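One structure is given below, encoded as structure tokens.
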Amino acid sequence: MSTPTIEPTVFSGDPYSEQNLLEPYPFLAELQESGSVSWLESQQTYAVVGYAEVYEVLTDFETYVSSGGLGPRDIRKDDAWRPPSILESDPPIHTLMRRALTGVINPGTVRGLRGEFTAPAVRIIDELAKRTGFDAITDLAEIYPIQVFPDAVGIPLEGREHLLPYGNMVFNAFGPENYIYQQAFAEGDEHARVVMNACKRESLTDDGFGAGIWAKVEEGLITEQQATLLVRALLSAGVDTTIFGIGNTLSVLARRPDAWARLRKEPSLAKFAIDEALRLESPFQKFHRTTTVDTFLGGVHIPAGSKVQLFIGAANRDPKKWGNDANEFSLERSSSGHVAFGMGLHQCVGQPIARLEMEIVLQQMLEKIHTLELDGEPTPILHNVLRGFESMPVRITTGN
Amino acid sequence: MTQLSERLDVVVAEVEHVADRVVSLVLRRFDGEQFPVWEPGAHIDVYLGDDITRQYSLCSALEDRDVLRIGVLHVQESRGGSQRVHETLVKGTPLSISAPRNNFPLIDSRKYLFIAGGIGITPIIPMIENAEANGREWRLIYGGRSRQTMAFAQQLEDKYGSEKVNLFAEDEVGRLNLQTILGMPRAHMLVYACGPGGMLSAIEDFCMGWPPGALHLERFSADTLGAGSVSEPFEVELARSGRIVKVETTETILDAVEKVGVRILSSCRAGLCGTCETRVISGTPDHRDAVLTEADKDANDVMLPCVSRSAAGCGRLVLDL
């Protein structure tokens, strides 16, 4: 091969410092300047920040496998804290699980949810619109998905309070075992027990996605254990991410009264606005893959068995892909191709559900809220791999 | 550029029985000129008289523009097309055809898995030639009832070797085991499949475990076996503005609508993710995606404008755009 080898820049910054977790973009820009692929000294991993390189890793699932886990440790070598999920599996095991899941969750089955997903959004936003301001996170983003999504999966009402802490554990475990991780795992056993219980066939309603997944056991496609793990995957991946998706979209729009005004005039642009906001403020910011062979990425030689860390938030703002205004929100931009939902084999299977929830919320808000502005700076959440806010006070005006 | 409506006058230069109930026809232009350039996956319309038009995939060598070759299976429940080909066309018969068009283009990729069932081998043959010429890694899985029914099987095996060309004759080794073949997705490998509907449906199911966008297939309906669907130009009315957009044969609805500045949210642009799903207000779509359920496709309330088109005989679709 004539591939010229580039020595990766050794980068000493720490993506998991409090400052860089709360305010990731200056750090990511600096990391990007050191090259598309760098050696991250603090984590002893390769950092991949270029869009093209992230895309390459995501689509070459043979060279960059998932079974080593999405976190910095190789879960095949250590004891993982839980049985591997679909996210942490490779073909052919992944193939069966993905077939089962795609058969249950697809644009067709999700379309039927619009009605039942709309009513709670109408209720919540009608109430909020009576006020002059509210917290877009605690009064809305954290409220809505938890009202609709667990019903769609069909889990019992009892124990739903464990879903958010459980999701918090799952995602924090994709980062290092720092104090944030320790805090997330503080009552981990109890959260995991309740959630695993909810995934059992006898806990689920007969008409939700959960029952649909269990039907695949009867068809002989997957095992009972795999069915439990797939329902668990829905519950762990389907709540936090959507909460942050809604919150992050509003964090972008609350700073752009011009965009809000235009969206009110052209509500059909709402889904483009969401897509662009997800590019700019991607909820799932970073995770790892493991190399199976010696390989080259962005000209950098990476030995077999290495952990590479993908920075989605950097790829989605890479000026080489998105232009010099990559850090700006633009309703004119086609954000098609962004990797906020991943890409390729492991691309988010719940994407149509997340988009439906986000679109319904935004449509309802645009209908009833004339102006939306920040009423103080949002408070970012301290999380190893997710980007979002724990609080975002907003001021609104309505026609009343 | 060749006009889409242009008819080419040709003569049948060779008729050869290449398998049970399959003839290969080699066509030459009447005026001795070369045929227009075409690409793997392309087909021609063959005008068989009495308003019978059939589409047949091209399976001749890409660089030999003096001839076109098609393979035609004599279908038992034929509506008359394949029967007419088999019974009336002999060497020297004049015939009228369309210029080649392509509904099943081969997208450049690092690796390919080709799966052909029966006469579905025809569009795959030039694809293989192209993949081989470009040094791509590829493998062909070709299934049929028996060796005698599998057109071009021996030539392909002789030319490329049995490592790349895997023949599965049902009477010798049983049916294709799609679980084994598709149970292990490969990175950067596209799957191109052509054959009977039942086989393609099974392939679609197995490919749900592959990366979105990996699968490309050409569906034959039972009564036009050996024929791809047609792509005539048609109009789309954008209901919200009343605008009329012409969709040419060579473009998708998505392309045409975006060209006039109207936006549709899309992601894969290949009929696989469903992001561009659009409500159909009137008209009948020809669904070509792998996302909508059969019930959705029958209801015709929504369609995916990235791949689907207007059904034959439906000159205008009215979409909620």
Side-chain angles (χ1 to χ4, degrees), chain A residues 56-65 86 89-112 219 221-222 266 268-276 292 331-338 341-349 351-352 355 359, chain B residues 109-111 178-190 202 204-214 238-241 254 258 261-269 271-279 287 289-297 299 301-304 306 320-321:
Chain A
E56 171 67 18
V57 172
L58 289 174
T59 49
D60 188 351
F61 53 88
E62 292 173 24
T63 304
Y64 306 94
V65 295
I86 182 171
S89 67
D90 294 321
I93 294 169
H94 174 272
T95 317
L96 291 173
M97 290 169 76
R98 179 79 189 201
R99 268 178 66 203
L101 212 46
T102 310
V104 176
I105 300 181
N106 55 58
T109 58
V110 172
R111 195 181 321 118
E219 289 171 27
L221 184 59
I222 52 171
E266 296 174 72
S268 62
L269 290 179
K271 48 188 180 180
F272 300 98
I274 292 165
D275 211 39
E276 169 70 349
T292 50
L331 275 176
E332 305 305 323
R333 189 195 312 275
S334 169
S335 35
S336 172
H338 71 67
F341 289 103
M343 192 56 76
L345 196 66
H346 292 272
Q347 189 170 29
C348 176
V349 83
Q351 183 175 169
R355 287 190 190 274
E359 194 192 323
Chain B
S109 186
R110 300 178 203 173
K111 300 169 191 168
L178 292 170
Q179 164 68 47
T180 310
I181 296 160
L182 295 167
M184 191 72 188
R186 302 287 312 277
H188 293 295
M189 180 182 268
L190 298 183
E204 271 188 322
D205 179 26
F206 283 108
C207 281
M208 284 203 277
W210 282 62
L238 313 180
R240 295 183 199 177
S241 60
L254 187 56
E258 283 179 343
V262 174
R263 294 170 71 178
I264 304 177
L265 189 72
S266 68
S267 180
C268 76
R269 302 180 84 98
L272 290 136
C273 71
T275 306
C276 67
E277 186 179 285
T278 300
R279 204 163 68 81
H287 296 284
D289 61 89
V291 173
L292 298 179
T293 60
E294 288 307 314
D296 278 339
K297 287 180 182 174
D301 291 334
V302 293
M303 71 183 298
L304 300 189
C306 65
D320 185 16
L321 288 172

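All values below come from the heavy atoms of this structure, side chains included, with hydrogens, waters and symmetry mates left out. Quick caveat, the model's predicted, so the values are computed rather than measured. Protein chains get the first letters and strands the later ones, always in sequence-line order, with residue 1 at the start of each.
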When every non-hydrogen atom of B:W210 is compared with those of A:L345, the smallest separation belongs to C-CD1, 3.8 Å
Of all heavy-atom pairs between A:G344 and B:P211, which one has the smallest distance, and what is that distance? C-CB, 3.9 Å
Crowding at CG, B:L238 (>12 non-hydrogen neighbours, <6.0 Å): yes
Over all atoms of both residues, closest heavy-atom pair of B:R263 and A:E332: NH1-CA, 3.9 Å
Between the CD atom in B:Q179 and the CG atom in A:L221, the distance rounded to the nearest 0.5 Å is 8.0 Å
Heavy-atom proximity to chain B below 4.5 Å, by part of A:D60: both
Side-chain heavy atoms of A:S268 within contact of B:R240, under 4.5 Å: yes
Chain B contact via A:L101 - which portion, at a heavy-atom distance below 4.5 Å: neither
Report which part of B:L292 has an atom under 4.5 Å of a heavy atom belonging to chain A: side chain, backbone, both, or neither. side chain
Need one label for B:K297: side chain, backbone, both or neither, based on atoms under 4.5 Å from any heavy atom in chain A. neither
Work out which heavy atom in B:H188 is nearest to a heavy atom in A:T59; give both atom names and the distance. CE1-OG1, 3.2 Å
Approximate separation, where rounding is to 0.5 Å, of A:K271 NZ and B:T275 OG1: 9.0 Å
Check: B:M184 main-chain N/O paired with A:T95 side-chain donor or acceptor under 3.5 Å: no
Options A:R99, A:H338, A:Q351, A:R98, ranked by heavy-atom pairs under 4.5 Å with chain B, top entry: A:R99
What part of A:Q347 gets closer than 4.5 Å to chain B, counting heavy atoms only: side chain, backbone, both or neither? side chain
Less than 4.5 Å apart, any side-chain heavy atom of B:D296 and any of A:R111? yes
A:H94 versus B:G209, closest heavy-atom pair with distance: ND1-O, 4.3 Å
Closest contact, heavy atoms only, B:G183 versus A:P92: O-CB, 3.3 Å
Tell me, for B:R186 versus chain A, whether the close heavy atoms (under 4.5 Å) come from the side chain, the backbone, both or neither. both
Which portion of B:L182 sits near chain A, non-hydrogen atoms under 4.5 angstrom: backbone
